[in-house]
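Accompanying notes for the structure given below.
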There are 2 protein chains.
Amino acid sequence: MPTPSMEDYIEQIYILIEEKGYARVSDIAEALSVHPSSVTKMVQKLDKDEYLVYEKYRGLVLTAKGKKIGKRLVFRHDLLEQFLKIIGVKDENIYNDVEGIEHHLSWDSIDRIGDLVQFFEEDDQRIEALLEIQKRAGEE
Amino acid sequence: MPTPSMEDYIEQIYILIEEKGYARVSDIAEALSVHPSSVTKMVQKLDKDEYLVYEKYRGLVLTAKGKKIGKRLVFRHDLLEQFLKIIGVKDENIYNDVEGIEHHLSWDSIDRIGDLVQFFEEDDQRIEALLEIQKRAGEE
DNA sequence: TAATGAATTTAGAACAGAATAAATTTTAGC
DNA sequence: GCTAAAATTTATTCTGTTCTAAATTCATTA
């Protein structure tokens with residue numbers, strides 16, 4: 001099992017490769033707001049645990065295992081963003097909150113939140129009713 | 001600002017004092033599944049930061065600041081438990097998930113989740129509809 | 001193809017939180 | 001009050017992640 005920090009790296013590497021075809025140390029460092037030397041160290045660990053294949057100075061490629069996990073992590077991240085957006089959390093809080101909680105929810109919870117998103121997407125009146133409650137709560 | 005770990009301790013101390021009138025090092029250790037020596041160290045830090053007053057070997061009392069925060073933390077924890085329960089997360093996952101995410105959500109998100117709980121409590125049909133979606137999703 | 005600047009890696013230290021083991025203090029039973 | 005057991009504390013070590021600073025490798029271009 002990857003640690004939360006390892007998940008951050010795998011997720012970000014997956015996104016970078018999806019977007020640009022490759023993931024350089026410096027890109028990863030920038031995206032995660034850490035120093036390049038931290039990336040190198042973590043990438044060595046991810047190689048040892050076989051989430052990716054890393055060649056010193058040359059770059060890295062996700063393994064099948066790494067890709068599979070990366071894909072799920074990105075899905076989870078996006079779902080949580082969607083969820084917070086739907087229930088009306090301010091944009092400025094969404095990214096940090098998702099970043100904080102994504103590593104700490106069971107897949108059971110993720111699936112239930114998926115159903116919940118579905119629930120609201122299926123019928124606009126539900127969101128309307130929720131907004132109504134928020135207006136009421138805000139006035140108190 | 002307390003760190004997540006500090007929040008765990010403050011929250012648990014608040015609960016113990018609420019339940020039994022006091023919080024011994026060994027009770028805190030047991031409740032948080034850490035060793036007593038770790039509790040001592042953290043309690044010293046919480047004393048320095050004025051969340052509580054600690055007297056070596058004798059015990060501790062929350063300050064006004066500690067009580068106020070403890071109360072909010074317990075409220076937040078309970079709300080998140082309620083939320084996961086409502087959306088159908090299995091009991092066996094609820095505690096760990098709440099424990100994991102409670103320290104990482106903005107109060108904006110907490111408030112929106114509060115509204116959401118309200119939304120479902122207000123009308124049983126809403127929960128029914130959600131259950132329906134879950135049944136459907138489970139069959140696929 | 002040699003030099004320079006950019007990117008990467010290594011080595012070592014910091015930091016937070018927790019563990020272990022040993023020492024100290026408190027509490028209970030006699 | 002004294003002693004044994006329980007609770008607590010101290011001192012030290014460990015783990016995981018990050019940082020800094022220095023060394024190395026790579027890439028460009030002249």
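Keep in mind that this is a model prediction, so the values were computed, not measured. Throughout, a chain's letter reflects where its sequence line sits, starting with A, and its residues are numbered from 1.
Among the nucleotides dC19(D), dT8(C), dT9(D), the one closest to any side-chain atom of Ser38(A) is dC19(D). Between dT10(C), dT24(C), dT17(D), one nucleotide has an atom nearer to the side chain of Met42(A) than all others, and that is dT17(D). Closest to the side chain of Tyr54(A), from the set dT17(D), dT10(D), dT8(C), is dT8(C).
Here the P atom of nucleotide dA7(D) and the CD1 atom of Ile28(B) are 14 Å apart, to the nearest Å. For the pair Met6(A) CE and dT15(D) P, the interatomic distance rounds to 16 Å; values are reported in whole Å. As a whole-Å value, the separation of His35(A) NE2 from dA23(D) C1' is 18 Å. We find that CD of Glu30(A) is positioned 11 Å from P of dA7(C), with the value rounded to whole Å. With rounding to whole Å, Lys48(B) atom NZ is found 11 Å from dG17(C) atom P.
An OP1 or OP2 oxygen of dA18(C) is reached within less than 4.0 angstrom by a side-chain nitrogen or oxygen of Tyr9(B). Proximity of Thr3(A) to the phosphate of dT17(D): a side-chain N or O atom is located under 4.0 Å from OP1 or OP2. In this structure, Ser5(B) does not reach the dA16(C) phosphate: none of its side-chain N or O atoms is under 4.0 Å from OP1 or OP2. Applying the 4.0 Å criterion to OP1 and OP2 of dT10(C), one finds that Lys56(A) has a side-chain N or O inside that range. Dashed line: the shortest gap from a side-chain N or O of Ser37(B) to OP1 or OP2 of dT20(C) is not under 4.0 Å. Residue Tyr57(B) places none of its side-chain N or O atoms closer than 4.0 Å to OP1 or OP2 of dT27(C).
Comparing Lys41(B) and Ser26(B) against DNA chain D, the residue whose closest nucleotide sits nearer the 5' end is Ser26(B).
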